[in-house]
Amino acid sequence: MSYETERNFDDVGPGFMGSATSVGEGILGYIIGLVLAALLTAASFAVIYTNLIWGPAIPAALVTLAVAQMGVHLVFFLHLTTAPDNTNNAMALAFGVLIVALIIGGSLWIMDHLNHNMAPMHHGLTLGAAPVR
Amino acid sequence: MSASETLPFTTAPSIDPYKLGHDGRRRRPDDGGAGRNYSTGHGEGGPASKRVIVAYGFWIFLLSDIVMFSAFFAAHAVLRSATAGGPSGHELFDPRSVAIETSCLLLSSFTCGLSAVAASVRSQLWTQLSLLITGILGLAFLAFEARDFMTMIAQGAGPQRSAFLSSFFSVVGLHGMHVSAGLLWLGTMMAQVFVKGFRAVIMRRLLCFNLFWHVLDIIWIALFTIVYLMGEGL
């Protein structure tokens, strides 16, 4: 009961610096985000330009690093949280991610199948995607 | 407790149980001076403040923008190996240039965040300064991208060369157009902050600009990963 009455009913918009109470705290959040994002970016480039990762695993490694960096940006730059006052923002994002996954995943899936089932053509005219390595 | 369950507000520690007036205690530091008015709404607490509504609406727009980008990404992913005998990404892309562009955009996202902190404490000097650095980094990004495009076109690898290059120029160019529009917006925001100060409507516009700029950087993460790095690996 006390939870219901003392709960803050306000929602928080995306990009609100909710938890930061001082300038230093606000800047610190952005510095943490910058350092993490820079590390993840450097890791992405290292995956390609060094031999750290086994060749066929490179696409998976790149996607993982990219998703991680997007998460860092969402949390530290866009201040998205999973708190109750952020539910609307997170739900909208989840819906956007669903549509993006359907469009990209569906396109690749369908075009890959079309490509496999297509009659052999002249090399330069191949339209569909070749399987990624 | 049964009485308070039928009358939910009787336990609220307030002389204003129906929240008819402004409630300064609940104001957020990031409210942008908009204040809150609990009296205008329907039901408990009234509608969200205008700042929340504007930011949420702009968030929905940005997500729809991301969905549009995803269609361009899907086209590029499908057409990436359709080089029609022309050059592939591995022969065309300059990793140094991509790394510089990535750094510019990431740092500009950071300084854009600093401008939001500066604006939250109403510092004209630091807001203008961080917005200016954001704009310079954005311009540098665009300059490098334009140089890349010119080099490719000079090599005969323009958008009309192959389906791969058409989709490449579409998706990267679309992002570049967003950055250009963002720079125009940034310039007008600097002028508006300078002339009008940190009134509520300006704070809302600054918030929307921040969201826009950060989302452009998120899209660039997908771009350098899918288009450049994976294209390099192919």
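In what follows, chains carry the letters A, B, and so on, assigned in the order in which the sequence lines appear, proteins first and then strands, with residues in each chain numbered from 1.
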Given that the side chain runs from C-beta out, which part of B/V117 has a heavy atom under 4.5 Å from chain A: side chain, backbone, both or neither? both
So which part of A/Y49 gets closer than 4.5 Å to some heavy atom of chain B, the side chain, the backbone, both or neither? side chain
Look at A/I99, A/I31, A/L78 and state which one has the largest set of heavy-atom pairs under 4.5 Å with chain B. A/L78
Assess whether side-chain hydrogen bond (donor to acceptor under 3.5 Å, both in side chains) is satisfied between B/T83 and B/S162, documenting all intermediate values. CA-CA 5 Å; B/T83 51; B/S162 64; over 6 Å; no
What part of B/F224 gets within 4.5 angstrom of chain A, counting heavy atoms only: side chain, backbone, both, or neither? side chain
Which bit of A/L93 comes within less than 4.5 Å of chain B, counting heavy atoms only: side chain, backbone, both or neither? both
In terms of heavy-atom pairs under 4.5 Å, which option from B/P95, B/A71, B/S109 contacts chain A the most? B/P95
To the nearest 0.5 Å, what is the distance between SG (B/C104) and CD1 (B/I100)? 7.5 Å
Out of A/G26, A/P14, A/G13, A/G96, which one racks up the most heavy-atom pairs below 4.5 Å with chain B? A/P14
Using non-hydrogen atoms only, which part of A/A38 is less than 4.5 Å away from chain B: side chain, backbone, both, or neither? both
A/H73 ring center within less than 6.0 Å of B/F110 ring center: no
Just by modelled atom types, is the B/L105 backbone N or O under 3.5 Å from a matching donor or acceptor in the B/W220 side chain? no
N/O donor-acceptor pair under 3.5 Å between B/H214 side chain and A/L74 backbone: no
Residue from B/Y56, B/Y228, B/F73, B/F58 scoring the most non-hydrogen pairs under 4.5 Å with chain A is B/Y56
By a 4.5 Å heavy-atom criterion (distance strictly below it), what part of B/V98 contacts chain A: side chain, backbone, both, or neither? both
Any donor-acceptor pair under 3.5 Å linking the side chain of B/D94 with the backbone of B/D148? no
A/I110 versus chain B, the contacting section by heavy-atom distance below 4.5 Å: neither
Is it the side chain or the backbone of B/A75 that comes within 4.5 Å of chain A heavy atoms, both, or neither? neither
Is a side-chain donor or acceptor of B/H178 paired with a backbone partner of B/L174 at a separation under 3.5 angstrom? yes
Determine whether a donor-acceptor pair (N or O, by modelled atom type, separation under 3.5 Å) exists between the side chain of A/N86 and the backbone of A/T82. no
Is a side-chain N or O of B/R80 found less than 3.5 angstrom from the main chain of B/I226, in a donor-acceptor match? yes
When the 4.5 angstrom heavy-atom criterion is applied to B/I60 and chain A, the contacting part is side chain
